[in-house]
Engineer: 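Would you mind keeping the following structure in view while I ask a few things?
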There are 2 protein chains.
Amino acid sequence: MKRRAELPNNLQLVLAVLEKKGHPMSAYMILDQLHGSSVRAPLQVYRALEKLISMGQVHRLESLNSFIACNDTSCATVGVTAFVICEKCEQVQEVSDNSVSLFITELAEKAKITAVKSSIELHGICGACENA
Amino acid sequence: MKRRAELPNNLQLVLAVLEKKGHPMSAYMILDQLHGSSVRAPLQVYRALEKLISMGQVHRLESLNSFIACNDTSCATVGVTAFVICEKCEQVQEVSDNSVSLFITELAEKAKITAVKSSIELHGICGACENA
DNA sequence: GTAAATTTGTTATGTTATAACGTCAAGGAA
DNA sequence: TTCCTTGACGTTATAACATAACAAATTTAC
Ligand SMILES: [Zn+2]
Ligand SMILES: [Zn+2]
Ligand SMILES: [Zn+2]
Ligand SMILES: [Zn+2]
């Protein structure tokens, strides 16, 4: 994996925006934030996101058509991650312990399928928002 | 739950198209199939889909931006369903046994969140396609 | 150093989803 | 009945998300 400083410029820019925000952002929200930089067109953002995702630095949230900077170093080694999303404050937790990978393994076996990728996204209201 | 014959016309039309296909379809694919009927505009399709989904007759696959007719009577009673999708033949299996709902329950507890909805989608290559 | 291959930028376009507004029909109160 | 409210539906327009196609620049292979 490339070290941060070695990332091409567009990847650094996109990743920095996502990390600063800390919440899910659509590609077009990212593009808005980069107004004035060398990143001018949607495709530049999508291409950067694609690479960052393949490096494990960014995740795509399918149920939101959005992207978020990885916030859990362990998810890269485990490979399967579940995302828990608060619908009120947009906080996202990554869960990538054994129970998640075991669940996916068993699901694939049960369905007689060779898994390629998985998307597990749980929406709800987090504790902090519940008590607000 | 309304019986099939009692469904409003647009809902019947949309559901019939999805059931005939048996695979995931985007709203616009459904619209194409309904050319010549009273369903002429995207919003008619989306409104029908929204109702069919709330009745449990149709599911939305977040990772495909697509919709599929429910093919498993048990998923309505359990409430939580995992979808296993073959990327080659587009066959979709619904899994809604106890292991799935238990996994979601435990995930919600672990993340200290009150679950509202969940999306579990596993992509892969099914047995039939693997041997082809 | 030159040609081929890859990456990047730009424009245009395709795909998915919703906002805004007008019409009509059903149902209830006066 | 007649008026009013309410909700469902159709239509047009537009917003939001994503990729195709091509040109220019850069990197890589020899
Ligand atoms: Zn992560
Ligand atoms: Zn919250
Ligand atoms: Zn179902
Ligand atoms: Zn298959």
Side-chain angles (χ1 to χ4, degrees), chain A residues 2 6-18 21 23-55 57-68 83 85 87 90 92 117 119 121 123, chain B residues 1-2 5-18 21 23-55 57-68 83 85 87 90 92 117 119 121 123:
Chain A
K2 278 193 182 179
E6 293 167 352
L7 288 177
N9 197 244
N10 287 357
L11 275 66
Q12 280 192 52
L13 289 168
V14 167
L15 182 55
V17 167
L18 278 172
K21 179 80 164 192
H23 289 182
M25 298 179 82
S26 75
Y28 281 78
M29 282 191 245
I30 295 168
L31 181 59
D32 283 346
Q33 292 301 306
L34 289 174
H35 178 79
S37 81
S38 61
V39 176
R40 276 177 277 271
L43 200 46
Q44 293 177 283
V45 177
Y46 282 105
R47 292 208 270 232
L49 286 170
E50 185 183 7
K51 282 167 195 158
L52 289 165
I53 289 168
S54 75
M55 293 166 150
Q57 303 264 28
V58 166
H59 302 294
R60 180 187 165 92
L61 298 173
E62 301 286 354
S63 60
L64 298 173
N65 291 329
S66 291
F67 306 85
I68 189 164
F83 298 92
I85 303 158
E87 294 191 333
E90 296 201 295
V92 176
K117 71 164 186 173
S119 158
E121 299 175 18
H123 290 246
Chain B
M1 172 116 62
K2 278 194 182 177
E6 293 167 352
L7 287 178
N9 196 243
N10 286 358
L11 275 67
Q12 279 192 51
L13 290 168
V14 167
L15 183 55
V17 167
L18 278 172
K21 180 80 165 190
H23 290 184
M25 298 180 82
S26 76
Y28 282 80
M29 282 190 244
I30 296 168
L31 181 59
D32 284 346
Q33 292 301 308
L34 289 174
H35 178 79
S37 80
S38 60
V39 177
R40 275 177 277 269
L43 201 45
Q44 293 177 283
V45 176
Y46 281 104
R47 292 209 268 231
L49 287 169
E50 185 183 7
K51 282 169 195 157
L52 290 165
I53 289 168
S54 75
M55 292 166 151
Q57 303 263 26
V58 167
H59 301 295
R60 179 188 167 90
L61 298 173
E62 301 287 353
S63 61
L64 298 174
N65 292 329
S66 292
F67 305 87
I68 190 166
F83 298 93
I85 303 159
E87 294 191 333
E90 296 201 293
V92 176
K117 71 163 186 173
S119 158
E121 299 174 18
H123 291 246

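A quick note: this is a predicted structure, and the numbers were derived from the prediction, not measured. Each chain gets a letter, A, B and so on, in the order its sequence line appears, and its residues count up from 1.
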Engineer: Enumerate the residues from residues 26-50 of chain A whose closest heavy atom to DNA chain D is under 4.0 Å, giving them by residue number; use none for an empty result.
Structural biologist: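 Residues of residues 26-50 of chain A that come under 4.0 Å of DNA chain D are, in numerical order, A:Ser26, A:Tyr28, A:Leu43, A:Tyr46.
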Engineer: Kindly say if A:Arg60 contacts the phosphate of D:dC17, meaning a side-chain N or O under 4.0 Å from OP1 or OP2.
Structural biologist: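 The answer is no; no side-chain N or O of A:Arg60 sits under 4.0 Å from OP1 or OP2.
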Engineer: In whole angstrom, what separates A:Asn65's CG from C:dA17's C1'?
Structural biologist: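 Result: 10 Å.
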Engineer: Write down the atom of B:Asn9, the atom of B:Ser38, and the distance for their closest heavy-atom approach.
Structural biologist: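 Of all heavy-atom pairs spanning B:Asn9 and B:Ser38, the closest is OD1-OG, 3.6 Å.
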Engineer: At their closest point, which heavy atom of A:Gln57 faces which heavy atom of A:Leu15, and how far apart are they?
Structural biologist: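 What the structure gives for the nearest pair is O-CD1, 4.0 Å.
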Engineer: Please determine whether a side-chain nitrogen or oxygen atom of B:Asn10 lies at a distance below 4.0 Å from atom OP1 or OP2 of D:dG10.
Structural biologist: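 So the side chain of B:Asn10 is within the cut-off, an N or O lying under 4.0 Å from OP1 or OP2 of D:dG10.
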Engineer: Rounded to whole angstroms, how far apart are CZ on A:Phe67 and P on D:dA16?
Structural biologist: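 Distance check: A:Phe67 CZ to D:dA16 P gives 16 Å.
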Engineer: Would you check if there is a donor-acceptor pair between the side chains of A:Ser63 and A:Glu121 at a distance under 3.5 Å?
Structural biologist: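 Per modelled atom types, A:Glu121 and A:Ser63 side chains form a pair under 3.5 Å.
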Engineer: Roughly how many Å is it from CG in A:Asn9 to P in D:dT26, rounded to a whole number?
Structural biologist: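 After rounding, the reported distance stands at 13 Å.
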Engineer: Would you give the length of the straight line joining atom OG of B:Ser26 to atom CG of B:Asp32, rounded to the nearest 0.5 angstrom?
Structural biologist: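 The distance works out to 7.5 Å.
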Engineer: Determine the minimum heavy-atom distance between A:Leu18 and A:Leu49, stating which atoms define it.
Structural biologist: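 What the structure gives for the nearest pair is CD1-CD2, 3.9 Å.
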Engineer: Sort out for me which residue in B:Leu34, B:Val45, B:Leu31 forms a side chain to side chain contact (heavy atoms under 4.5 Å, CB included) with B:Val17.
Structural biologist: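 By the side chain to side chain contact (heavy atoms under 4.5 Å, CB included) criterion, B:Val17 pairs with just one of B:Leu34, B:Val45, B:Leu31: B:Leu34.
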Engineer: Check the phosphate of C:dT6 against A:Lys51, side-chain N and O only, distance under 4.0 Å to OP1 or OP2. Yes or no?
Structural biologist: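 So the side-chain polar atoms of A:Lys51 never come under 4.0 Å of the phosphate oxygens OP1 or OP2 of C:dT6.
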